2 protein chains.
Amino acid sequence: MQARKEQLAAAVWNTIVEKGIGAVSVRTVAETAGVAVGSLRHVFPTRAELIEFSARLMIDKVSDRVAGLEPTGDERADAVETLSQFLPLDAQRRAELEVNLALIAETPALPELRGIRDDATRALRAACVRLAERVRGNTVSFEEALAGRGDQRRGATLHALADGLALHLLVDPAAEEEALAIVRAQIDTLAET
Amino acid sequence: MQARKEQLAAAVWNTIVEKGIGAVSVRTVAETAGVAVGSLRHVFPTRAELIEFSARLMIDKVSDRVAGLEPTGDERADAVETLSQFLPLDAQRRAELEVNLALIAETPALPELRGIRDDATRALRAACVRLAERVRGNTVSFEEALAGRGDQRRGATLHALADGLALHLLVDPAAEEEALAIVRAQIDTLAET
DNA sequence: CCGAAAGTAGCACAGATGTACTACCATAAG
DNA sequence: CTTATGGTAGTACATCTGTGCTACTTTCGG
């Protein structure tokens, strides 16, 4: 059952990447998954449920990958490695990003997606804040600690930078090296100021 | 003629914002524009042309607004003002961003959009590089000048930051102040290092 | 005035889409 | 063996989609 669901979700992702979110219909998905429409509808009674599940599963996959990273001890390198998980540096991550974008674009039509999108954004934001804290070794000034906004803001900056770079790499994959250099520079700036 | 085209394009934008790109069909657009399908098809013989024109017109509008900004002499404030034009700080700019996102999501289905998207990205990038140059007053080190990458990279950072913040403001419009603070901080960092 | 050109509208068609409904098949509990 | 349960598949239908085609109206140069 769970296997069928994941198989169908994978078909959704493939369709999004190859033909766009507009081509995701019960029929196209059923066909690329190699099952009948009736079977698909037995698992996902409605199109919205199909897309909703696919979206959440994709986000969980990314979360798991990030959670599974093993710290090497070099905090700056670890931070770069973590942020790299959100950049489209290979086919897998590129597909994830495209699916994510398609989901955002589909939100007006499927309001149920809004919650999923918000969860994902919050989780990524929190991860970036933790990254900022770790890299800086908790050297927060008294005033900042009082306001409780020092690492929050640093995390937000990291977060925005990562998402922006991801977007640009999608348009121009050749800028990979530049993007990584920018991430490294930002981490270094964070650590040294 | 040109007026009709712009009227139709506006209808496309409205539909995207309210019901998502998936709801953009010749019929829905014709209806929200208050014209008959046949009339629409007289102006835009095909759905692709309709969307393509709407996309380009929207990008041109943003370009014109940015180009129309008058320098105040305070280069840092001007830079912040320019970057703010790409953040969803009001309904107008929010709509622009949503349309942009929808266009990216639709690219797999309409390859013609790729060129438009690339043009827009390049233009924004170039603007960010110019911003970086101006704020720094051309104080580039010898090595950087040799490599020709100093302000390029700074511009790319600014660009990524702006797009990332825009994305996040779309999800959480309440973070407006934080986003502006981040932009200001980045400009200051650029000017002082 | 008038005829050509351009704009507007409507109809028709083939195909796709979401969904309801029924039928078949497996496995396992009684 | 029987029966119930859950997975699989196929058909049917109303609606929406893009597009081709024809007809009407307006505008305007001669």
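Remember, it's a predicted structure, so these values are computed and weren't measured experimentally. Lettering of chains follows the sequences in order, A, B, ..., and the numbering in each one begins at 1.
The distance from atom CD of B:Q2 to atom C1' of C:dG7 is 16 Å, rounded to the nearest whole Å. Between A:L40 atom CG and C:dC21 atom P the separation is 18 Å, expressed in whole Å. Atom CZ in B:F44 sits about 14 Å away from atom P in D:dG18, given to the nearest Å. Rounded to an integer number of Å, the gap from B:E106 CD to D:dT17 C1' is 14 Å. The distance from atom CZ of A:R41 to atom P of D:dG10 is 16 Å, rounded to the nearest whole Å. We find that CD of A:E31 is positioned 10 Å from P of C:dA16, with the value rounded to whole Å.
Salt bridge status for B:R56 with B:D119: present, with a side-chain N to carboxylate O gap under 4.0 Å. Looking at B:E106 and B:R114, no side-chain N of the basic residue comes within less than 4.0 Å of a carboxylate O on the acidic one, giving no salt bridge. Taking 4.0 Å as the cut-off between side-chain N and carboxylate O, B:D172 and A:R122 do not count as a salt-bridged pair. A salt bridge does not link A:R154 to B:E178: none of the charged side-chain nitrogens sits closer than 4.0 Å to a carboxylate oxygen. Salt-bridge formation is detected for the pair B:E192/B:R76: a Lys NZ or Arg NE/NH1/NH2 atom is positioned less than 4.0 Å from an Asp or Glu carboxylate oxygen.
Residues B:L165 and A:D163 have side chains not in contact (no heavy-atom distance under 4.5 Å, counting atoms from C-beta outward).
Heavy-atom distances under 4.0 Å link DNA chain D to no residue of residues 12-24 of chain A.
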How does each nucleotide of nucleotides 3-8 of chain D score, in 5' to 3' order, for protein heavy atoms under 4.0 Å: base (B), sugar-phosphate only (S), or none (-)? ----BB
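In this structure, A:R47 does not reach the C:dT17 phosphate: none of its side-chain N or O atoms is under 4.0 Å from OP1 or OP2. Within the structure, a side-chain polar atom (N or O) of A:S25 is placed less than 4.0 Å from OP1 or OP2 of C:dT17.
For A:T107 against A:R117, the heavy-atom pair with the smallest separation is OG1-NH1, 4.0 Å.
The residue A:R27 sits close to a base: some heavy atom pair falls under 4.0 Å.
Between A:T46 and B:V37, the residue whose closest nucleotide on DNA chain C is further toward the 5' end is B:V37.
For the side-chain hydrogen bond (donor to acceptor under 3.5 Å, both in side chains) with A:E96, the lone residue among A:R65, A:Q85, A:K61 that qualifies is A:R65.
Under the 3.5 Å distance criterion, with hydrogens and angles disregarded, a donor-acceptor pair is assigned to the side chains of B:T72 and B:D78.
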